[in-house]
Structure formats: C-alpha cells, structure tokens
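Below you'll find the structure, written out as structure tokens, and then a few comments.
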Amino acid sequence: MPQTQPLIGLNCQYESKSKYCVRHRIGVYVPYYQALLTAGALPVVVPIVWDPAALTEYLNRLDGFMFTGGQDIPPQAYGQEKDLRTQECHPRRFANDRLLAELVLQREIPVLAICMGLQLVNVVYGGTLIQDIQTDIQHTPIDEGNDSYHSIVIQEENLLHHIVGATETEVNSAHHQAVEKLAPGLRVLARAPDGIVEAVQMTDREFFLGVQWHPERIVERPEQLRLFEAFVCACHPGS
Ligand code: MN
C-alpha cells in the first residue's frame with residue numbers, strides 16, 4: 001500500500017427525474033470505489049458537470065482516473081445506426097464522459113477503464129463497437145445481477161500478463177457490446193475464446209488499461225485485486 005494515498009477520480013451515472021426519482025441524480029455502484037479504497041487509494045466521484053474547464057480543474061488535482069461501467073455508447077458517436085438491442089446511456093453522461101476521455105489523453109495520469117469505460121475510450125479515440133455480440137459464448141448475465149463467467153487468453157509480456165501472472169484466466173462478464181475496430185494507439189491484450197476483445201492498453205502510456213469484465217465485483221480473486229493494486233501503485237500522489 002502506498003504511504004500517501006493517491007486521489008483517483010471516477011465517473012458516474014446520470015438519472016433523469018422520473019416517477020421513481022423526484023430529482024435528477026448521479027450515482028455510482030459501491031464496488032467501484034470500494035475496490036479503490038481496498039487497494040489503498042482515495043476515490044473521488046467526479047460529478048456530471050459537462051464543463052471542460054471544471055473537468056480540467058478536477059483532473060489537475062487527481063493522480064489517476066477510473067472509467068466505470070454503464071449502458072451503451074450512442075452509436076452515432078461512431079457513425080452507426082442504432083441497433084434495436086442498443087440501450088444508450090443518458091446523453092448528459094455521454095457528453096461528460098467524452099470530455100473526460102479527451103482530457104485524460106492530454107495528460108499522463110494512469111487510467112483504468114472498466115466495461116463501458118473501455119468502450120468509451122475506444123470510441124472517443126476513433127474506434128467502433130459491435131452493438132450486440134452474436135457468438136456462442138455467454139457474455140451477458142444469465143439472470144439479472146448474476147454475471148456470466150468465461151475464460152480469456154492474455155498475450156505474453158505486457159502489463160496485464162504481469163499483473164495476472166498467467167496467460168489464461170477466468171473473468172466475469174456482463175456486456176453485450178465489445179470493441180469492433182480498435183482505436184489508433186490502443187493494443188489488444190486479451191481476448192475471449194470467441195475472439196471478443198477483453199482487454200486493451202494505450203501503447204505509449206505507463207498505465208492505461210481497459211478491461212471488458214468487472215474486476216471490482218470479484219476482488220476476492222487475488223489477480224483481480226492485484227489489478228487495482230497495480231493501478232493505485234502507478235498513481236503518484238501530488239504528481
Ligand atoms: Mn466477456
């Protein structure tokens with residue numbers, strides 16, 4: 001655990017006023033920030049402000065950034081018509097997330113992008129997505145709230161391989177979309193047996209990792225906790 005805890009920002013969901021929600025609100029699932037706390041960081045939820053100046057100020061003070069999961073990226077953002085099975089996230093969330101993804105690219109802070117977070121950085125940096133995976137491997141939860149599990153094959157001699165310590169491991173899976181065309185600057189580190197991209201890295205960064213699974217929900221597995229520990233270790237306080 002680092003001697004001084006790095007400050008790590010994370011993005012959040014946006015929910016409009018509705019029958020069940022008397023005012024607009026933002027939210028984040030507890031396992032995301034709990035995993036950062038467990039790994040020795042101080043997590044900070046960055047609210048949805050969709051203001052580049054304010055987000056820049058946040059990032060100036062943060063030592064790392066984690067992109068969390070959510071619903072689907074609007075397909076117009078990567079030049080596709082919307083598939084019937086695509087469920088777009090709130091436009092305010094996407095507007096804010098897009099700014100954050102652009103701004104983190106302009107600085108050297110370490111990044112961990114989870115599930116929709118991986119898809120977000122791929123789209124914002126110029127890639128495209130498969131809007132609904134059609135393969136024999138179960139990537140979506142079998143029933144609501146219970147992730148599916150499948151194996152992944154990790155390429156040798158890269159950041160993820162060093163963290164996991166093996167070229168094959170099992171991960172949870174709760175996504176129906178995935179990387180189609182990879183954005184320039186990203187490299188695939190791991191795939192499921194059906195070829196679906198499960199992990200990527202920004203090649204010219206010390207720590208810029210995207211994973212398609214949800215390590216924050218399975219931190220009882222040592223290799224998944226090590227993912228957060230490695231991320232937190234790469235975030236240098238006050239840098
Ligand atoms: Mn999967």
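In each ligand, atom 1 is the first atom listed, and ligand 1 is the first ligand listed. Here the structure is a predicted model, which is why all the values come from computation and not from measurement. For this chain, numbers begin at 1 and follow the sequence in order.
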Trace of the side-chain hydrogen bond (donor to acceptor under 3.5 Å, both in side chains) decision for H162 with E157 = CA-CA 7 Å; H162 293 145; E157 294 309 315; 3.2 Å; yes
Should R25 and E15 count as an ion pair when the cut-off is N to O under 4.0 Å?
->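 Yes.
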Heavy atoms, side chains only, cut-off 4.5 Å: are Y149 and S173 in contact?
->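 Heavy-atom side-chain distance check fails, nothing below 4.5 Å.
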Taking the six-membered ring for Trp, are F231 and F207 parallel (under 30°), tilted (30 to 60°) or perpendicular (over 60°)?
->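 The arrangement is tilted - the two ring planes meet at 30° to 60°.
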Measuring to the Mn ion (ligand 1), does S148 have an N/O/S atom at a distance below 2.8 Å?
->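 It does not: S148 brings no N, O or S atom closer than 2.8 Å to the Mn ion (ligand 1).
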Vertex the Mn ion (ligand 1), arms to E198 OE2 and H175 NE2, rounded to 10° |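 Centred on the Mn ion (ligand 1), the OE2/NE2 angle is 100° (to 10°).
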Heteroatom of H139 nearest to the Mn ion (ligand 1) (N, O or S, atom name) |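 Output for this pair reads ND1.
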